[in-house]
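All values below were derived from every heavy atom in this structure, side-chain atoms included, with hydrogens, water molecules and symmetry-related copies excluded. Positions are given from 1, in the same order as the sequence printed here. Treat the numbers as computed from the prediction; the structure is a model and nothing was measured.
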Amino acid sequence: MRRPLAGKVEEVYLLSKLMCKLYAASRRDTLTNISRRLGVSVQELSRIMRNKEPVSARRAADLVSRLAYVDEDAELRRSIREAPLPFPHLNNLTSRYPLSLYCFLYKAIDAVKDLEFGYIVTVEGAGLVLATLMAVALGKRLVYGVKAAKVAGGRSFTAGQGPAYSLDATRRIVSFPSALDLRGERAVVVDGVVWTGATVKSMSRYVVKKGGVVEAAVLMATTREVVEKLERELECPVRALLTL
């Protein structure tokens, strides 16, 4: 049984789960058919999906129960296949399918609800989008690093400046705030779609270097092998919101 969440966090959780279910359902079915299942008009359903219709926590919970048949994970995996990652620093999923963020937000709240922590640490990219939503919803402090790259024998440039970032001749660099003091603090590390775990380890080393403790790592999507490897190396829980 899911542990109850406090006040506003519960509202965010339920609304996010509802929007996630609606996103997944709409990829497989028409709004007309979905509205019939929910017992609402197409117009009302459309307003809900566009955030034009206020939905109480109780109403959201009721609608979510009627959408229990929806497999959002299957749709998220399909979305990722349709939105490939052209370079290591990009994740087209959340830009091409912004409603998918609701899925990751409600899953992230579930993943950290039993943890005690004050900071969320991430890097720019899709992980930053999710981490920001988590920080606002949960009332935590957000710290993020900036990605850059250096071509062998050449200049440094930011991650967004071009395809050269993905070449083998480049060395990826993540810069974090140098003045931050995390002594006595606990942090959750958040990343986007993870293939090797190198960035997660870099963030974890930063937290420890600043005197903090990594309470857990939350990854938007990755494989079981990466989760197992990171748990061994980081010696903390690693939560994959979507297993690829």
Side-chain angles (χ1 to χ4, degrees), residues 76-77 80-81 83-95 101 104 107-108 111-112 115 117 119-132 134-135 142-178 180 182 185-244:
L76 286 172
R77 293 187 188 98
I80 287 177
R81 289 195 297 270
L85 313 178
F87 311 123
H89 65 293
L90 295 179
N91 176 6
N92 283 353
L93 175 63
T94 53
S95 57
L101 267 171
F104 293 111
K107 289 173 179 290
V112 303
L115 303 179
F117 64 100
Y119 283 81
I120 295 175
V121 179
T122 189
V123 295
E124 63 178 347
L128 176 56
V129 179
L130 175 62
T132 302
M134 291 172 63
L142 178 66
V143 179
Y144 67 93
V146 178
K147 290 183 179 180
K150 185 173 183 179
V151 178
R155 64 188 181 89
S156 296
F157 52 92
T158 62
Q161 285 182 275
Y165 182 79
S166 64
L167 298 177
D168 292 338
T170 64
R171 180 167 62 90
R172 284 187 278 171
I173 305 165
V174 182
S175 300
F176 292 100
S178 59
L180 186 67
L182 291 176
E185 300 288 351
R186 294 182 175 275
V188 167
V189 169
V190 175
D191 204 0
V193 179
V194 175
W195 299 115
T196 66
T199 302
V200 178
K201 288 188 282 188
S202 175
M203 289 188 282
S204 300
R205 286 194 297 269
Y206 169 74
V207 172
V208 172
K209 180 180 178 181
K210 292 298 180 179
V213 174
V214 178
E215 192 71 11
V218 175
L219 318 179
M220 286 177 64
T222 191
T223 63
R224 284 191 177 87
E225 290 76 14
V226 169
V227 169
E228 292 169 358
K229 181 183 77 169
L230 286 175
E231 286 190 327
R232 286 195 304 271
E233 296 180 2
L234 301 181
E235 297 182 336
C236 73
V238 177
R239 316 279 171 83
L241 306 182
L242 180 68
T243 303
L244 301 174

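In this view, Lys229 satisfies the salt bridge (charged side-chain N to carboxylate O under 4.0 Å, His left out) rule with no residue, not counting sequence neighbours. For Tyr119, the side-chain contact (heavy atoms from CB on, under 4.5 Å) partners two or more places apart in sequence, or in a different chain, are Arg141, Val143, Leu180, Leu182, Glu185, Ala187. Residues passing the salt bridge (charged side-chain N to carboxylate O under 4.0 Å, His left out) test with Arg186 are Glu215, sequence neighbours excluded. With sequence neighbours left out, the ring-ring contact (aromatic ring centres under 6.0 Å, His included) criterion links Phe117 to no other residue.
With contacts defined as side-chain heavy-atom distances shorter than 4.5 Å, the pair Leu115/Arg239 qualifies. Using a 4.5 Å cut-off on side-chain heavy atoms (C-beta onward), Leu219 and Leu230 make contact.
In terms of heavy atoms, Val121 sits closest to Met203 at O-SD, 3.8 Å. Across all non-hydrogen atoms, the minimal contact from Arg224 to Thr243 is CG-CG2, 3.7 Å. Ala217 and Cys236 make their closest contact through N-SG, 4.3 Å (heavy atoms, listed as atom of the first residue, atom of the second, distance). Residues Ile120 and Ala135 approach most closely at CD1-N, 3.7 Å, considering heavy atoms.
Pairs passing the ring-ring contact (aromatic ring centres under 6.0 Å, His included) check and including a residue from residues 206-233, sequence neighbours excluded, read Phe176-Tyr206. Listed by first then second residue, pairs satisfying ring-ring contact (aromatic ring centres under 6.0 Å, His included) with a partner in residues 221-244 number zero, not counting sequence neighbours.
To the nearest 0.5 Å, atoms OG1 (Thr222) and CG (Leu241) are separated by 10.5 Å. With values rounded to the nearest 0.5 angstrom, Thr196 atom OG1 is found 7.0 Å from Lys201 atom NZ. We find the CZ-CG distance between Arg77 and Leu244 to be 7.0 Å, quoted to the nearest 0.5 Å.
In this structure, the side chain of Lys210 engages the main chain of Ser178 through a donor-acceptor pair within 3.5 Å.
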Next on the checklist: What verdict does the side-chain contact (heavy atoms from CB on, under 4.5 Å) test give for Leu130 and Val190, after you've listed the backbone C-alpha separation in whole Å, the side-chain angles of each residue and the deciding distance to 0.1 Å?
Outcome noted: CA-CA 8 Å; Leu130 175 62; Val190 175; 4.1 Å; yes

| task | Evaluate the side-chain contact (heavy atoms from CB on, under 4.5 Å) criterion for residues Val194 and Thr199: first the C-alpha distance (whole Å), next the side-chain angles of each, then the deciding distance (0.1 Å), finally the verdict. | result | CA-CA 8 Å; Val194 175; Thr199 302; over 6 Å; no

Q. Yes or no on side-chain contact (heavy atoms from CB on, under 4.5 Å) for Phe104 and Val218, after CA distance, side-chain angles and deciding distance?
A. CA-CA 10 Å; Phe104 293 111; Val218 175; over 6 Å; no

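The one candidate from Val200, Leu128, Asp191 that meets the side-chain contact (heavy atoms from CB on, under 4.5 Å) condition with Val123 is Asp191.
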